Amino acid sequence: MRQWTHFIDGERRDAQAFAEAFDPRTGDACSKVALAGEAEVDAAVRSAGRAFAAWRARRPIERGRILQAIARALREKAGDFIAVERSETGKPFANAARDVETAAAYFEFYGGLVNTYAGEVIGLGDGLHSYTLREPFGPVAVITPWNAPVNQAGRGIAPALAAGNCVVAKPASATSGTTAMLAELAHACGVPAGVFNVVLGSGSRIGPLLAGHPGIRKIAFTGSVDVGREIGRIAAERIIPVTLELGGKSPNIVFADADFEAAVKGARKGFTTHAGQVCLSGTRLLVQDTIHDAFVEALVEEVRKIRIGPQDDADIGPITTKSQYQRILGWFEEAKRAGLTAATGGAPEDRPGWGSGWYVPPTIYTGVTNGMRIAREEIFGPVLVVMPFKDEAEAIAIANDSDYGLAAGIWTENVSRAIRVAGAIQSGQVYVNEYIAGGVETPLGGYKESGLGREKGIEALHHYTQLKSVTIKLLEVA
Ligand code: NAP
Ligand code: MG
């Protein structure tokens, strides 16, 4: 069984205590994960603190060159990363491969972007010269969840390092492997000791110790709203910046003038990708009333084609953690209590090949109203609620009637409508005629309770730097 341990000050740290991580395709233990305590957290933050002065002083092109080397090495070693990511998350091969490639793309993108990242000169007229500098914070904590571990590690860590910060990463305990591997790989590519550390273990135990450590100068957190709120409180207490990438209950809106076939496929992809364990999932499907019944019928048919299981080429795999699996089964019960009948799915199944893995069938509920719990709370599984609407105004009203505001989809061939609705939607991402679009270049983040700040794109570099303005009085020539 593989054993993952902390990576501190450029080396693996021996650990006394370990927890087991499980392969969700079988429910069997697949790796052992070291459990950090206060001593390891402190050692990692101190190491990051010691490494900071030299790392921030490096010429950006040199930092960028190292990040580009990490991108290349990740692509060369993609097979190892995919295998570990698959065993810990259960996702199908193509999904895991895409996540590793995306992680590499973050290092590639920020490794290049850092070369053009600069301050500005501000005109103050004759006699004064003013300019801005974008300076790193110091040691930053990057705390990530279990649904796309290597992708999210790259997303948080690449811009942090590019900007000249040092990192202490804490991956989810269910899926620690690829982040631990990434730290070693980065070190081998020339990241100096202490610049990129990883501590493993229980988030509820070491998360607050890490976020609250006086050496940490910024926190980037991806995960649930509840933990995000805790992290936000710690950051407020310490007056340090925090970015929060939290959950969603995103609307996917289909107008009668949409390309029907494309919208059916997009609706399917929106809520079933990685078995719905995607923060951006389009889990509230709003369909114009004139096409509602035909659309649901076509979508149910489309969803029944989905191949679920442990095999390499499955469309979707299992739910990554047992507790999340049980939570989804709980939602099936909640739906029954609310008087809903599933158009497909809605109960645990026993299909050939599923064995003791944590599989759930994609599930569609119609006849839902937006006030129901199942339309308001994030499920984080392949569960869709469908609601009809009469016109554009009603679609926008239902879409925005949510505590969340992460993403939204719009399906229409009318470009004026697309632009109007995209402008009216309260969410950080809007996709038109596709669901989940964009790249490492496009900013990602939430409106309302979906989060604070932005990751990806140049925005991430803004969030990993603090702005200084320098103003110089020019002395008269003597
Ligand atoms: P979570 O429980 O909030 O955990 C996220 C991370 O925080 C894990 O590393 C976890 O460690 C750690 N953690 C747990 N309790 C902590 C505490 N008290 N203080 C500090 N850290 C703590 O979330 P999850 O269950 O892993 O992931 C699912 C959630 O993440 C969903 O709500 C989803 O929408 C959201 N998500 C958002 C995005 C986005 O980009 N917006 C992306 C993916 C997921 P342990 O694993 O050891 O508990
Ligand atoms: Mg959790």
Side-chain angles (χ1 to χ4, degrees), residues 4 19-22 33-36 41 88-89 91 99 102 141-156 168-180 198-213 216 219-235 242-250 273-283 319-328 377-381 403-407 427-429 436 438 440 442-456 460:
W4 308 115
E20 284 181 326
F22 298 89
V33 183
L35 291 170
V41 171
E88 292 186 345
T89 65
K91 57 180 66 180
D99 283 351
T102 303
V142 177
I143 303 175
T144 47
W146 43 257
N147 58 321
V150 73
N151 175 332
Q152 288 152 336
R155 190 172 86 199
V168 180
K170 153 53 190 127
S173 32
T175 57
S176 303
T178 48
T179 305
V198 177
V199 288
L200 305 180
S202 150
S204 54
R205 161 125 175 76
I206 60 168
L209 294 175
L210 178 58
H213 194 293
I216 290 294
I219 308 166
F221 173 81
T222 304
S224 61
V225 174
D226 287 347
V227 177
R229 214 172 252 127
E230 290 284 306
I231 297 281
R233 276 196 203 101
I234 294 172
V242 61
T243 46
L244 302 173
E245 294 291 348
L246 310 176
K249 190 79 183 178
S250 297
T273 298
H274 188 26
Q277 302 164 102
V278 178
C279 52
L280 300 163
S281 285
T283 50
I319 301 304
T320 292
T321 71
K322 188 169 188 186
S323 59
Q324 182 60 21
Y325 168 71
Q326 286 164 338
R327 218 172 291 140
I328 296 168
E377 295 180 27
E378 182 182 56
I379 296 174
F380 220 58
D403 293 336
Y404 289 111
L406 194 53
S427 75
Q429 279 76 215
I436 308 191
V440 299
T442 48
L444 167 87
Y447 277 32
K448 302 193 268 188
E449 288 186 15
S450 290
L452 273 186
R454 293 293 175 269
E455 295 201 297
K456 307 195 347 182

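The basis for the numbers below is simple: all heavy atoms, side chains too, and nothing from hydrogens, waters or symmetry mates. Note that the coordinates shown come from a computational prediction; the quantities given were computed from them, not determined experimentally. First listed ligand is number 1; within each ligand, the first listed atom is number 1.
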Atom 21 (N) of ligand 1 protein-contacted, heavy-atom criterion under 4.0 angstrom: yes
Spacing of [X] atom [atom1] and [Y] atom [atom2] [to the nearest 0.5 Å]:
X      : Y      : atom1 : atom2 : value
Leu406 : Thr283 : CG    : OG1   : 10.0 Å
Asp403 : Glu449 : CG    : CD    : 4.5 Å
Ile436 : Cys279 : CD1   : SG    : 8.0 Å
Thr243 : Ile231 : OG1   : CD1   : 10.5 Å
Gln152 : Thr175 : CD    : OG1   : 8.0 Å
Glu378 : Ser281 : CD    : OG    : 8.0 Å

Please write down residue, atom name and distance for the protein heavy atom closest to [atom].
atom                    : answer
atom 35 (C) of ligand 1 : Gly223 O, 3.0 Å
atom 44 (C) of ligand 1 : Asn147 OD1, 3.5 Å
atom 41 (N) of ligand 1 : Leu246 O, 2.7 Å
atom 40 (O) of ligand 1 : Arg155 NH2, 2.9 Å
atom 34 (O) of ligand 1 : Glu378 OE2, 2.7 Å
atom 24 (P) of ligand 1 : Trp146 NE1, 3.4 Å
atom 33 (C) of ligand 1 : Phe380 CE1, 3.2 Å

I'd like to know if Ala211 contacts ligand 1, where contact means a heavy-atom distance under 4.0 Å to any ligand atom. no
Is it true that Gly445 lies under 4.0 Å from ligand 1, counting heavy atoms only? no
Quick one: does Lys448's side chain have a donor or acceptor within less than 3.5 Å of a partner on Gly405's backbone? no
Side chain Lys170, main chain Gly201, donor-acceptor under 3.5 Å: yes
Below a 4.0 angstrom heavy-atom separation, can you tell me which part of Glu245, side chain or backbone, both or neither, approaches ligand 1? both
Near [X], which atoms of ligand 1 are under 4.0 Å from a heavy atom of that residue?
X      : result
Gly201 : 47 (O)
Gly247 : 34 (O)
Pro171 : 9 (O)
Ile143 : 6 (C), 7 (O), 9 (O), 12 (C)
Thr222 : 5 (C), 37 (C), 38 (C), 39 (C), 40 (O), 42 (C), 43 (C)
Ser202 : 47 (O)
Pro145 : 26 (O), 27 (O), 43 (C), 44 (C)
Gln152 : 42 (C), 43 (C)

Looking only at the side chains, is there a donor atom on one of Glu88 and Trp4 sitting less than 3.5 Å from an acceptor on the other? yes
Among [options], which one has a heavy atom closest to [atom]?
atom                    : options                        : result
atom 17 (C) of ligand 1 : Ala141, Gly203, Ser173         : Gly203
atom 3 (O) of ligand 1  : Pro208, Ser224, Ala148, Gly446 : Ser224
atom 39 (C) of ligand 1 : Cys279, Ala407, Ser204         : Cys279

Below 3.5 angstrom, do we get any N/O pair linking Thr144 and ligand 1? yes
Is there a polar contact between ligand 1 and Lys170, counting only N or O atoms under 3.5 Å apart? yes
Taking all non-hydrogen atoms of both residues, which atom of Ser450 and which atom of Gly248 are closest, and how far apart? OG-CA, 4.1 Å
Salt-bridge criterion met for Asp99 and Lys91 (N-O under 4.0 Å): yes
I'd like to know if Arg155 and Glu245 make a salt bridge, using a cut-off of under 4.0 Å between side-chain N and carboxylate O. no
Given Phe221, which of Ile234, Val227, Leu452 fulfils the side chain to side chain contact (heavy atoms under 4.5 Å, CB included) condition? Val227
One pair to check against side-chain contact (heavy atoms from CB on, under 4.5 Å): Val440 and Lys456. What are the steps and the verdict? CA-CA 6 Å; Val440 299; Lys456 307 195 347 182; 5.7 Å; no
